[in-house]
Amino acid sequence: MSSDSFKHTYPLDPWCIRETAFDTASHFLDETLFALGNGYIGLRGTHEEGYSGPKGTSLDGTYLNGFYESESIHYPENAYGLARTNQFMLNVPNAKGIALWLEDERFDPLQGTLDSYERVLDFRTGLLRRTLEWTSPQGRKISISSRRLVSFTEKHLFAIEYDVTPLNFSGAITLVSTINGAVKNLEAGDDPRVGSAISGRSLVLADIEQAPHFSALAQRTVNSGFMLVTAAQTDVRGVAEVALARNGEYLEQSYRIAAIQNETVRLTKYGCYFTSRDYPESELMARAKATLAIASSSGFRALAAEQERYLADFWRHADVEIAGDDALQQGMHFNQYHLLQSVGRDGKTNISAKGVTGEGYEGHYFWDTEIYIFPFFLYSKPEIARKLLEYRYAGLPLARERARQMAHAKGALYPWRTIAGVECSAYYPAGTAQYHINADIAYSIKLYIEATNDEEYLLNCGAEIVMETARIWMGLGHYDRQGRYCINEVTGPDEYTALVNNNYYTNAMAKMHLEFAASIAERLQREWPEHFQRIAKAVMLEAGESEQWRHAAAHMHLPYDAALQIHPQDDSFLDKKAWDFASTPKENYPLLLHYHPLVIYRHQVCKQADVVLALLLLSDQFSLDDKRRDFDYYEAVTTHDSSLSSCIFSIIASEVGYHDKAYAYFMETARLDLDNTHGNTHYGVHTAAMAGTWMGVAYGFAGMRVVDGDLRFAPVLPKQWTHYQFNVHLRDCLLQVRVEQGCTTYRLLQGAALAFSHQGQRVALTVNSPVKECQ
Ligand code: BGC
């Protein structure tokens, strides 16, 4: 089925998405959009009763962030140092199954008549609600009303409340609670963005427990050797008969009820997942039982109330209000909500390119986290941002190992894509060669320290990461004959250009990184000499290293073309043949699916923002004229085939005064998944673009920049909007920014005082005294 056919139009509600028809044509896509998650468990929006629609219109996926199988990567033509092991997020047992029988007829929305149907994903309650009325082929009428949640406060738990009411009959209703452990992952085929290369099963049965209200499966992954326990507790009142059945790894518990017309039968199901990535194997089953027992005794309503409280706090910090464009408002909230559902917050997991909504990119974590997603959490929920950085600290030993494999005697090189820290990219030109990942991580640590003053993180994790990763530039680069510090044979963010010398973004970010590392070393020596000694000893830092970092940074080669007055993407980019856009048919996009990489690499054509991204991240190093010229040049050669591109172009367009373009690029980002504009949302949401929507408002329209800890705004109001409003967490303050026609109001919601600048003028804000700046 062509992915273009997966489209769905929802009513424009700011706080939910709602579907009012059961549509097999959009079903695959809806499974992603209506997915629930809590940063650990991800349940695609498949229905409890299963799905009997056409092949290729469903992926019944359940995922656990960071729970993976590994496999060896086999290269028919081998080379030293290539990534050896892939890790991919597993599709784990589906424990949410509930089959429903009315006497001998099985409920199936695609049989009989669906008299009414509505499904709502509510961003404020965190519930997926479904109500429907159905008439069976033999004329039995029922209503079903169900609510599902994946707990934000209990990482391992999800729950479903399922009500059935017979509307025109009294008789036997049988509810069957199932766990389906015979699951496997989707196979990727030719599209690298879809799934994994593995085929067949990855989980092997270790144990089964079944009792009238409890069932559990223990399974072990074949290669990674992890144990997984999937368990469920099912509570039903007024049951006449319970029967247990099992078919391989498919478990069933049937509850037969003598139902009475117009009286509701309720089943409540609690499900949980525990793995040996978190706890010793011997504890998993007991932990599952205890979690389910607590959930069942508190009941669904209590869990739902807790969920709502958690979300109220989230929105109090994170809400971005957009008045005047309902479609964008919905897109914004949808994206923010899905980011919260996707982000790992245990310090052991991170946020994958598709969150926990699908198998695209195999559940891998990329630079997407640090450069796209991190700012949203940092300035909304800094405690979550810290967890993302803790994850990187946990990966430092493996990053050191990788550096040695790559012939760097010192330092640490983070993997381009990974789950548990090993390099998983089997295509090094667009993988390992993206050394900028090291600088991206250092950049996010810099933002974090400046925004939070979290000295504990700096001293115990951050300083070590920043210094170890900075050392790689010294092993990688060299001074050329003119004394310029050059970095050769790397790939920048733009994946349509590979293995180049002096990629502008990489060099500029490496310079920032080296300076930051040197300043940390100096600060530690000054303020915390004992910590400096400890880290220096641990990483065997030699005398003079930080001076070398400063020297390389000062002499970093930052390409500039005097004739065009732009920053070339790299040494060779401007001399390449132009891509013939005029003769490229629309259906040949994205180019990566229609041209060999070499064909693409030979041309001046970009998949995504590269120099333009540097203009944002290192904002104060460029004049406005520089920014405009770079934007103009690169806009003409960029396809935006990557979903990471439009948001950055929107932000810079705003800054240089191209307001219509800024708006158009922003539109593309804000509803990228809701409108499935990249045609692949059915394989999972695009978390980087989702966070790019937040950046589009804060960095774009509001012109927010944080330069060396100093906060600045230069707000504009898009003419389509009447106002917009968002919050920024900085140090102990929560600042509310409200932009209206002609005026911006700054208000402290938390904290005593905050100084920042508005359109270049200093503002000293204190609690209870909002400041209104008008032109
Ligand atoms: C982009 C990368 C990104 C990856 C995962 C690719 O298409 O080119 O920059 O990290 O997707 O989102």
Side-chain angles (χ1 to χ4, degrees), residues 32 86 88-89 188 190-196 335 338-339 342-343 350-374 414-419 423-441 443-444 490-499 503 505-506 509 569 589-595 597 600-601 605-614 616-617 634 638-649 668-669 672-673 677-681 683-693 695:
T32 299
N86 188 28
F88 60 95
M89 185 171 77
D190 288 337
D191 188 339
R193 303 165 306 169
V194 169
S196 78
N335 291 348
H338 260 285
L339 284 168
S342 305
V343 67
N350 204 272
I351 181 164
S352 87
K354 307 277 172 187
V356 278
T357 62
E359 293 166 30
Y361 286 125
E362 301 171 273
H364 287 169
Y365 315 133
F366 294 77
W367 72 311
D368 304 33
T369 299
E370 280 76 17
I371 296 302
Y372 287 79
I373 301 166
F374 190 78
Y414 276 92
W416 176 244
R417 51 190 289 176
T418 189
I419 292 180
E423 176 62 272
C424 293
S425 175
Y427 183 62
Y428 74 84
T432 301
Q434 296 202 45
Y435 269 66
H436 63 84
I437 180 84
N438 263 16
D440 302 332
I441 292 170
Y443 185 86
S444 69
V490 296
T491 298
D494 166 36
E495 294 189 350
Y496 283 175
T497 311
L499 302 178
N503 166 256
Y505 175 94
T506 306
M509 290 290 282
Q569 192 168 296
Y589 293 93
L591 301 182
L592 66 103
L593 294 186
H594 300 92
Y595 301 90
I600 297 176
Y601 296 165
V605 59
C606 301
K607 183 182 183 189
Q608 62 203 102
D610 192 300
V611 169
V612 176
L613 179 56
L616 167 66
L617 302 184
Y634 289 103
T638 303
T639 60
H640 309 292
D641 281 351
S642 162
S643 64
L644 279 64
S645 196
S646 301
C647 56
I648 307 301
F649 275 78
E668 273 174 33
T669 303
L672 190 142
D673 284 313
T677 54
H678 276 240
N680 60 5
T681 293
Y683 296 123
V685 296
H686 298 76
T687 51
M690 290 179 143
T693 314
M695 288 200 286

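In this chain, numbering begins with 1 at the start of the sequence shown. Given the structure is predicted, the values throughout are model-derived calculations rather than measurements. In listed order, ligands and their atoms are each counted from 1.
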Check: Counting heavy atoms only, which of Asp368, Leu592, Thr687, Asp610 comes nearest to atom 10 (O) of ligand 1?
Finding: Asp368
Next item on the list: Say whether Tyr505 and Asp440, considering side chains only, have a donor N or O and an acceptor N or O under 3.5 Å apart.
Entry: yes
Check: In terms of the angle between their ring planes, are His686 and His678 parallel, tilted or perpendicular, with boundaries placed at 30° and 60°?
Finding: tilted
Next item on the list: For ligand 1, note which part of Asp641 has a heavy atom under 4.0 Å away: side chain, backbone, both or neither.
Entry: neither
Check: Does Ser645 use its side chain to pair, donor to acceptor, with the backbone of Thr639 at less than 3.5 Å?
Finding: no
Margin query: Within the 4.0 Å heavy-atom shell around Leu644, which atoms of ligand 1 are there?
Written below: 3 (C), 9 (O), 12 (O)
Check: Between His686, Gln608, Gln434, Lys354, which one has a non-hydrogen atom sitting closest to atom 1 (C) of ligand 1?
Finding: Gln608
Margin query: On a heavy-atom basis, I'd like to know which of Tyr361, Tyr372, Phe366 is closest to atom 6 (C) of ligand 1.
Written below: Tyr361
Note to self: With a heavy-atom distance limit of 4.0 Å, tell me whether Lys607 approaches ligand 1 through its side chain, its backbone, both, or neither.
What the structure shows: side chain
Note to self: Checking the side chain of Glu423 only, and the main-chain atoms of Thr418 only, is there a donor and an acceptor separated by less than 3.5 Å?
What the structure shows: no
Notebook entry, point to check: For Trp367, which of Phe374, Tyr414, Trp416 qualifies under side chain to side chain contact (heavy atoms under 4.5 Å, CB included)?
Noted result: Trp416
Notebook entry, point to check: Where the side chain of Ser352 meets the backbone of Gly355, is there a donor-acceptor pair that is under 3.5 Å apart?
Noted result: yes
Margin query: Looking only at distances, can you tell me whether any N or O atom of Trp416, backbone or side chain, sits closer than 3.5 Å to an N or O atom of ligand 1?
Written below: no
Checklist line | Trp367: numbered ligand 1 atoms lying under 4.0 Å from its heavy atoms | finding: 2 (C), 3 (C), 9 (O), 10 (O)
